[in-house]
Colleague: 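Starting off with a structure, shown below.
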Amino acid sequence: RNGIQNPKKVLNQINTLSELNKQYTWADSLIYHANKTREKVNSFRSSKQIDFSRLNESDQVNDLSSSIFNVIDHSFSAALRDYTQRIGIAIKTYEQDRYSVLKYELEDFFSIHLDTSPMLSRVISGLMYLDDDYDGGILEFPKIGLELKPKEGDIIFFPSQVPFFHQSTPIIKGIKHAVVAWWN
């Protein structure tokens with residue numbers, strides 16, 4: 001709980017940046033399966049996303065993007081250190097070079113999936129929630145019988161491998177914003 005301070009402020013900054021610069025416009029979310037057509041992708045996942053990368057450039061847009069990135073990175077890193085110490089595992093690095101912010105609108109969803117594959121050697125998955133004023137959008141882990149309705153500011157970590165198949169159920173009211181990340 002309260003893994004990120006002032007998540008609404010971060011969300012407002014993301015929306016401001018989206019209005020200032022086309023590079024940060026909400027775009028259709030991707031999945032990383034080269035053999036999927038857009039039609040098959042849309043039946044598997046419907047959401048929008050904006051990616052934030054670590055930047056060294058300076059101007060109004062890049063300063064705002066860097067500020068958003070740094071708040072997300074700091075929050076994830078601190079919570080991940082606590083998580084890995086609690087479960088007694090080591091990972092290569094706590095910091096990331098990129099984060100994806102997801103926007104789930106009415107009826108948007110993400111079907112059941114794993115976050116790792118032979119091409120993606122992910123060990124830990126992380127979700128950060130920037131709001132909670134929506135209905136639906138439940139984080140479900142069907143294979144282990146767990147359902148979660150995260151609160152604004154929550155950060156959730158879980159193993160990226162079997163049996164942690166998970167999904168986000170369709171949004172039935174409001175808009176859900178979450179940040180996703182993975183670690184090796």
Colleague: Can Ile172 be reached from Ile175 by stepping across I, L, V, M, F, W or Y side chains whose heavy atoms are under 4.5 Å apart?
Modeller: no
Colleague: Can you get from Phe165 to Ile124 by hopping between Ile, Leu, Val, Met, Phe, Trp and Tyr side chains that sit under 4.5 Å apart?
Modeller: no
Colleague: Provide the closest heavy-atom pair for Phe52 versus Ile14 in the form atom of the first, atom of the second, distance.
Modeller: CZ-CG1, 4.0 Å
Colleague: Please round to the nearest 0.5 Å and tell me the distance separating atom OH of Tyr104 and atom OG1 of Thr169.
Modeller: 10.0 Å
Colleague: Are Leu114 and Leu139 in one and the same hydrophobic cluster, where Ile, Leu, Val, Met, Phe, Trp and Tyr link if side-chain heavy atoms are under 4.5 Å apart?
Modeller: no
Colleague: Nearest 0.5 Å, please: how far is NZ in Lys103 from OG in Ser18?
Modeller: 7.0 Å
Colleague: Below 4.5 Å, heavy atoms only, C-beta onward: do Arg54 and Phe69 meet side chain to side chain?
Modeller: yes
Colleague: If you look only at distance, which donor and acceptor atoms sit under 3.5 Å apart when one is on a side chain in residues 145-159 and the other is two or more places apart or in another chain?
Modeller:
residue, atom, partner, partner atom, Å
Lys149, NZ, Asp132, O, 3.2
Lys149, NZ, Tyr134, O, 3.1
Glu152, OE1, Lys8, NZ, 3.4
Asp154, OD1, Arg1, NE, 2.7
Asp154, OD2, Arg1, NE, 3.0
Asp154, OD2, Arg1, NH2, 3.1
Asp154, OD2, Lys151, N, 2.9

Colleague: Can you sort out the partners of Asn15 under side-chain hydrogen bond (donor to acceptor under 3.5 Å, both in side chains), two or more places apart, ordered by chain and number?
Modeller: Trp26
Colleague: Please report the interatomic distance CZ(Arg122) to CG(Asp115), rounded to the nearest 0.5 Å.
Modeller: 6.0 Å
Colleague: Tell me whether Thr25 contacts the main-chain N or O of Lys22 through its side chain, where contact means a donor paired with an acceptor under 3.5 Å.
Modeller: yes
Colleague: For Asp108, give me all partners under side-chain hydrogen bond (donor to acceptor under 3.5 Å, both in side chains), at least two apart in sequence or on another chain.
Modeller: Ser46
Colleague: Who are the side-chain hydrogen bond (donor to acceptor under 3.5 Å, both in side chains) partners of His177, not counting sequence neighbours?
Modeller: Asp131
Colleague: Only counting residues at least two apart or in another chain, list the ones meeting side-chain hydrogen bond (donor to acceptor under 3.5 Å, both in side chains) with Gln13.
Modeller: none
Colleague: Are Phe141 and Tyr129 linked, directly or through other ILVMFWY residues, by side chains that come within less than 4.5 angstrom of each other?
Modeller: yes
Colleague: Do the side chains of Leu102 and Leu127 get nearer than 4.5 Å, heavy atoms only?
Modeller: no
Colleague: Please check if the side chain of Lys176 supplies one atom and the backbone of Gly137 the other of a donor-acceptor pair under 3.5 Å.
Modeller: yes
Colleague: Output yes when a side-chain donor or acceptor of Ser67 lies under 3.5 Å from a complementary backbone atom of Asp63, and no otherwise.
Modeller: no
Colleague: Does the side chain of Phe110 come within less than 4.5 Å of Val180's, by heavy atoms?
Modeller: no
Colleague: If I take atom CH2 from residue Trp182 and atom CZ from residue Arg98, how far apart are they, to the nearest 0.5 angstrom?
Modeller: 6.5 Å
Colleague: What distance do Ile50 atom CD1 and Asn21 atom CG have between them, rounded to the nearest 0.5 Å?
Modeller: 10.0 Å
Colleague: Could you measure the distance from the OG1 atom of Thr84 to the CD1 atom of Ile91? Nearest 0.5 Å is fine.
Modeller: 5.5 Å
Colleague: Verify whether one side chain among Ser160 and Thr116 offers a donor that lies under 3.5 Å from an acceptor in the other.
Modeller: no
Colleague: Should Val123 and Val162 be regarded as members of a common hydrophobic cluster, given that ILVMFWY residues are connected when their side-chain heavy atoms come within less than 4.5 Å of each other, either directly or indirectly?
Modeller: no
Colleague: Please tell me if the side chains of Ile171 and Glu105 come closer than 4.5 Å, counting only heavy atoms from C-beta onward.
Modeller: no
Colleague: Please answer whether the main-chain N or O of His166 pairs with a side-chain N or O of His113 as donor and acceptor at a distance below 3.5 Å.
Modeller: yes
Colleague: Hey, does Val10 have a side-chain heavy atom less than 4.5 Å from the side chain of Val101?
Modeller: no
Colleague: Please set out all donor-acceptor pairs under 3.5 angstrom arising from side-chain atoms of residues 76-83, sequence neighbours excluded.
Modeller:
residue, atom, partner, partner atom, Å
Ser77, OG, Asp73, O, 2.8
Arg81, NH1, Ser77, O, 3.4
Arg81, NH2, Glu95, OE2, 3.1
Asp82, OD1, Arg86, NE, 3.2
Asp82, OD2, Arg86, NE, 2.8
Asp82, OD2, Arg86, NH2, 3.3

